[in-house]
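What you see is a predicted model; the values in this text were computed from it and never measured. Numbered from 1 within each chain, the chains take letters A, B, ... in sequence-line order.
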Amino acid sequence: MKLPHSYYLSNDVVALSRDLLGKYLFTKIDGVTTGGYIVETEAYNGIVDRASHAFGNRRTPRTITMFEEGGRAYVYLCYGIHEMFNIVTSIAGTPHAILIRALHPTEGIDVMQFRRNMSIIKPTITMGPGSVAKALGISRKINSISLLSDTLWLEERGLSFTDEEIKAAPRVGVDYAGDDAMLPYRFYVKGDVYVSKPNK
DNA sequence: GCGCGGATTCACT
DNA sequence: GTGAATCCGCGCT
């Protein structure tokens, strides 16, 4: 079942980040479906979070997507090379977003392998945010697209993890954020081979 | 206009 | 473990 629009309207982006572990994420491009379940996320907590692009209520052509109503994709280019896929949450005007950092692939693995230029399957196929977006065929062209569309959506399939199976930790690559860099806003499934390290 | 640097990945030592 | 790749968003002049 697709996650309903209401799922994305929660104002608690940190709780939602944890809840997304085990949810399935799919794209359907040129008739081919690819995806799997989410095993690593990071929460970006609106205008008070120094690590967020929207910190200080910064509205620019890039960040405006985060200020839209929840239930959309926020896709941007990082380091001039990698596309990053985020889930926008909360109501319009509150720029919460969740970065999808790793996926445990289940469907369309051969196509994802082709998109990643991999001759043999390795865990790095969907490990790390740039890899997830590339494997799923997500680019800036679909920035702001609805997560209830036929191109990109999430599903609940009855998979969940206990608190013992989940680790909360500081986010990756946000040293510029001062004290906010230490907040435990990264969530992952312990020991899953697709989680970017460390994964214990 | 200019310049800095980034929510990273990969090849290579 | 280290460094290159590579684009453009963003703040400041």
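For the pair A:H82 and A:T63, both in contact range of DNA chain C, the more 5′-proximal nearest nucleotide belongs to A:H82. Both A:S52 and A:R116 sit near DNA chain B, but only A:S52 has its closest nucleotide nearer the 5' end.
At the heavy-atom level, A:T124 lies nowhere under 4.0 Å from the strands shown. Within the 4.0 angstrom heavy-atom criterion, no nucleotide atom of any strand lies near A:R171.
Looking at the side chain of A:L99, the nearest of the listed nucleotides C:dC8, B:dA7, B:dT8 is B:dA7. The side chain of A:L77 lies closest to C:dC7 when the candidates are B:dT9, C:dC7, B:dG6. With B:dT8, B:dA7, C:dG9 as the candidates, the nucleotide lying closest to the side chain of A:T60 is C:dG9. Between C:dC10, C:dC8, B:dT8, one nucleotide has an atom nearer to the side chain of A:R101 than all others, and that is B:dT8. Proximity note for A:Y79 (side chain, C-beta onward) versus B:dC10, B:dT8, B:dA7: the nearest is B:dT8.
Annotation: A:R115, atom CZ; neighbour count of heavy atoms from other residues, nucleotides and ligands within 6.0 Å is above 12. Dense packing is recorded around OH of A:Y176, with more than 12 heavy atoms of other residues, nucleotides or ligands lying under 6.0 Å away.
Donor-acceptor pairing under 3.5 Å is recorded for the side chains of A:Y7 and A:D19. Checked by atom type, the side-chain pair A:T63/A:T60 shows a donor-acceptor distance below 3.5 Å.
Distance, A:N117 CG to B:dA11 P: 10 Å, rounded to whole Å. Distance A:R140 CZ to B:dG6 C1': 14 Å, rounded to the nearest Å. Going from atom CG of A:N143 over to atom P of C:dG9 covers 11 Å, rounded to whole Å. Atom CZ in A:R58 sits roughly 7 Å away from atom C1' in C:dC10 (whole-Å rounding). At whole-Å resolution of the value, CD1 in A:I81 and C1' in C:dG3 are 12 Å apart. Atom OH in A:Y76 sits about 8 Å away from atom C1' in B:dG6, given to the nearest Å. Straight-line distance from the CZ atom of A:R50 to the C1' atom of B:dG6: 16 Å, rounded to whole Å. To the nearest angstrom, P of C:dC7 lies 16 Å from CE of A:M84.
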Derivation and outcome, side-chain contact (heavy atoms from CB on, under 4.5 Å), residues A:E42 and A:Y185: CA-CA 6 Å; A:E42 278 179 5; A:Y185 285 180; 5.7 Å; no
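With a cut-off of 3.5 Å on both pairing distances, B:dA7 has no Watson-Crick or G-U wobble partner at all. Checking C:dT6 for Watson-Crick or G-U wobble geometry (two distances, each under 3.5 Å) identifies no partner in any strand.
Phosphate contact (OP1/OP2 of C:dC8, side-chain N/O of A:R62, threshold under 4.0 Å): absent. Regarding contacts with the backbone of C:dG9, every side-chain N or O of A:H53 stays at 4.0 angstrom or more from both OP1 and OP2.
A distance of about 22 Å separates the C1' atoms of B:dA7 and C:dG1, rounded to the whole Å.
Cation-pi geometry between A:R157 and A:Y37 is not satisfied (NZ or CZ under 6.0 Å from the ring centre, within 45° of the ring normal).
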